[in-house]
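All of these numbers come straight from a predicted model, not from anything done at the bench.
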Amino acid sequence: MEDLASLVHQTADRLAGQTVGAVVAGLADGAVEFHGAGRTGPGGGAPGPRTLFEIGSVTKVFTSLLLARLILDDSVRLDEPLADVLGEGAVVPARGGVPITLRHLATHTSGLPRLPRGMAIRALLRPNKPDPYAGCTAEAVLAGLARTRLRAVPGRGFRYSNLGVGLLGLALARRAGAEYGELVAREVCGPLGLVDTCLRPAAEQSERLAVGHSASGEPVPHWDLAAIPGMGGLLSTAADLSILLRAQLSAEREPDGPLAPAIITTRATRHRVNAFAWAHLGWLGHRLHAQQGGHLQLWHNGGTGGFASFVAFDPDKQVGVAILANSCRSVDPAGTALLRRLQQDFATAG
């Protein structure tokens with residue numbers, strides 16, 4: 001059996017040949033190992049645990065933790081209608097007499113389309129504007145929402161929606177009277193001790209920010225996501241994501257730990273997608289066939305114009321993986337393969 005460090009190093013080195021640069025974090029037996037390979041950008045060295053990357057849709061995990069924190073504080077209710085949280089003047093579509101609730105947004109069961117109304121057309125008509133969300137102001141998003149027709153009755157079926165979680169982040173910020181980034185810093189990053197997870201880097205952090213690259217290896221500008229960053233706007237590091245994973249792995253064993261009640265709340269909600277997959281608040285879950293080991297995987301991936309991310313863990317086996325890369329090429333296969341190897345080789349009782 002290979003040790004944790006060797007498995008992490010091998011994964012990062014393989015990814016360096018497929019992407020521009022990558023950092024891998026592996027957790028098992030109560031330990032964490034990091035390894036970075038490739039480069040952070042033109043003229044840059046190998047990325048490390050404190051190199052900042054865009055994490056794309058892994059941000060949705062943070063948005064759902066924020067939702068859970070506000071639920072526990074009685075600031076919002078899980079089944080509260082979105083229209084009530086957005087406030088006066090917001091027009092939110094319904095179908096079959098069923099309104100969209102915060103639960104529907106966090107579990108991708110709202111019936112909303114994947115993207116804000118008109119955004120795909122705008123992106124196609126502006127090929128020199130690489131950030132497709134640049135025009136997504138609150139006014140534009142809410143105006144499009146008022147004209148949106150739901151694809152299904154809310155709560156009936158799973159349909160992945162960036163728009164839905166973007167609206168969730170916007171609504172929570174409005175209810176709290178604060179900016180999304182400020183809320184995440186206060187309610188999630190502060191309690192966990194995440195020092196680098198943010199919407200916009202400070203001057204010192206900017207020096208550690210990797211350069212994003214297209215699939216062909218060309219440098220690309222960073223994405224901003226305007227008024228809906230809750231769907232994918234955060235920056236983070238492998239070091240911070242390893243702390244998040246530790247908190248996820250220990251929540252049920254240490255219910256008084258940092259953010260443990262919120263983590264337990266996110267996992268208490270479970271919407272069945274099919275016989276082997278489901279959605280929690282934020283996390284997606286599936287269990288392999290018995291012939292493949294029957295292993296549990298809670299996960300989320302992310303991708304922006306120049307970055308890819310993958311975070312996954314198994315609370316039963318107490319193992320986890322985080323991968324960050326500064327190329328838009330998917331790192332999901334490498335992350336899934338590493339997690340399965342850790343599940344096979346390391347088995348700490350949960």
Side-chain angles (χ1 to χ4, degrees), residues 4-27 32-59 62 128-134 181 185 189 193-225 229 232-245 300-311 321-335 337-338:
L4 178 62
S6 296
L7 294 171
V8 168
H9 281 232
Q10 290 169 18
T11 302
D13 290 342
R14 282 196 299 269
L15 281 169
Q18 304 166 16
T19 65
V20 175
V23 180
V24 177
L27 289 83
V32 58
E33 289 286 344
F34 301 97
H35 186 63
R39 54 190 173 85
T40 57
R50 297 191 66 220
T51 301
L52 273 82
F53 296 77
E54 292 179 6
I55 63 172
S57 285
V58 173
T59 299
F62 288 85
N128 295 324
K129 301 286 187 181
D131 181 354
Y133 295 94
C189 298
L194 308 184
V195 297
D196 283 320
T197 301
C198 59
L199 270 185
R200 294 173 184 84
E204 184 276 328
Q205 291 171 316
S206 295
E207 297 176 358
R208 295 185 277 116
L209 179 59
V211 176
H213 295 78
S214 67
S216 61
E218 296 296 319
V220 297
H222 290 277
W223 282 10
D224 183 72
L225 277 75
L234 288 176
L235 304 171
S236 192
T237 64
D240 272 10
L241 293 179
S242 72
I243 295 172
L244 174 68
L245 282 171
H300 214 298
N301 60 1
T304 62
F307 294 84
S309 56
F310 179 84
V311 181
V321 168
I323 298 180
L324 297 172
N326 60 330
S327 162
C328 66
R329 291 180 178 273
S330 174
V331 296
D332 293 12
L338 177 58

Could you tell me which residues satisfy side chain to side chain contact (heavy atoms under 4.5 Å, CB included) with [X], sequence neighbours excluded, listed by chain and number?
{"X": "Leu199", "answer": "Tyr180, Pro229, Leu234"}
{"X": "Ser206", "answer": "Pro201"}
{"X": "His300", "answer": "Ser57, Lys60, Val61, Tyr160, Trp283, Leu284"}
{"X": "Ser236", "answer": "Ile55, Thr197, Asp240, Leu241"}

What pairs of donor and acceptor atoms, side-chain ones from residues 40-53 against any protein atom, are under 3.5 angstrom apart with sequence neighbours left out?
from	atom 1	to	atom 2	distance (Å)
Thr51	OG1	Gly48	N	2.8
Thr51	OG1	Gly48	O	3.4

Pairs satisfying salt bridge (Lys or Arg N to Asp or Glu O under 4.0 Å), at least one member in residues 206-217, at least two apart
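Non-adjacent pairs meeting salt bridge (Lys or Arg N to Asp or Glu O under 4.0 Å): Asp196-Arg208, Glu204-Arg208.
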Closest heavy-atom contact between [X] and [Y]?
{"X": "Ala238", "Y": "Leu324", "value": "N-CD1, 3.5 Å"}
{"X": "Glu33", "Y": "Val8", "value": "O-CG1, 3.9 Å"}
{"X": "Phe310", "Y": "Val331", "value": "CB-CG2, 3.9 Å"}
{"X": "Ser242", "Y": "Val32", "value": "CB-CG2, 3.9 Å"}
{"X": "Gly303", "Y": "Trp223", "value": "O-CZ3, 4.5 Å"}
{"X": "Phe307", "Y": "Ala210", "value": "CZ-O, 3.4 Å"}

Quick one: [atom1] on [X] to [atom2] on [Y], what's the gap to the nearest 0.5 Å?
{"X": "Leu235", "Y": "Cys198", "atom1": "CG", "atom2": "SG", "value": "5.0 Å"}
{"X": "Gln10", "Y": "Leu338", "atom1": "CD", "atom2": "CG", "value": "9.5 Å"}
{"X": "Asn301", "Y": "Ile323", "atom1": "CG", "atom2": "CD1", "value": "11.0 Å"}
{"X": "His222", "Y": "Glu54", "atom1": "NE2", "atom2": "CD", "value": "6.0 Å"}
{"X": "Cys328", "Y": "Glu218", "atom1": "SG", "atom2": "CD", "value": "11.5 Å"}

Asp224 side chain reached by Arg200 side chain, heavy atoms, under 4.5 Å:
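Contact flag for Arg200/Asp224 side chains = yes.
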Residue pair Asp13 / His35, side-chain heavy-atom distance below 4.5 Å
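When only atoms from C-beta onward are counted, His35 and Asp13 do touch, with a gap below 4.5 Å.
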Side-chain donor/acceptor of Arg39 to backbone N/O of Gly21, under 3.5 Å:
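No, the answer is negative, given that no donor and acceptor are paired below the 3.5 Å cut-off.
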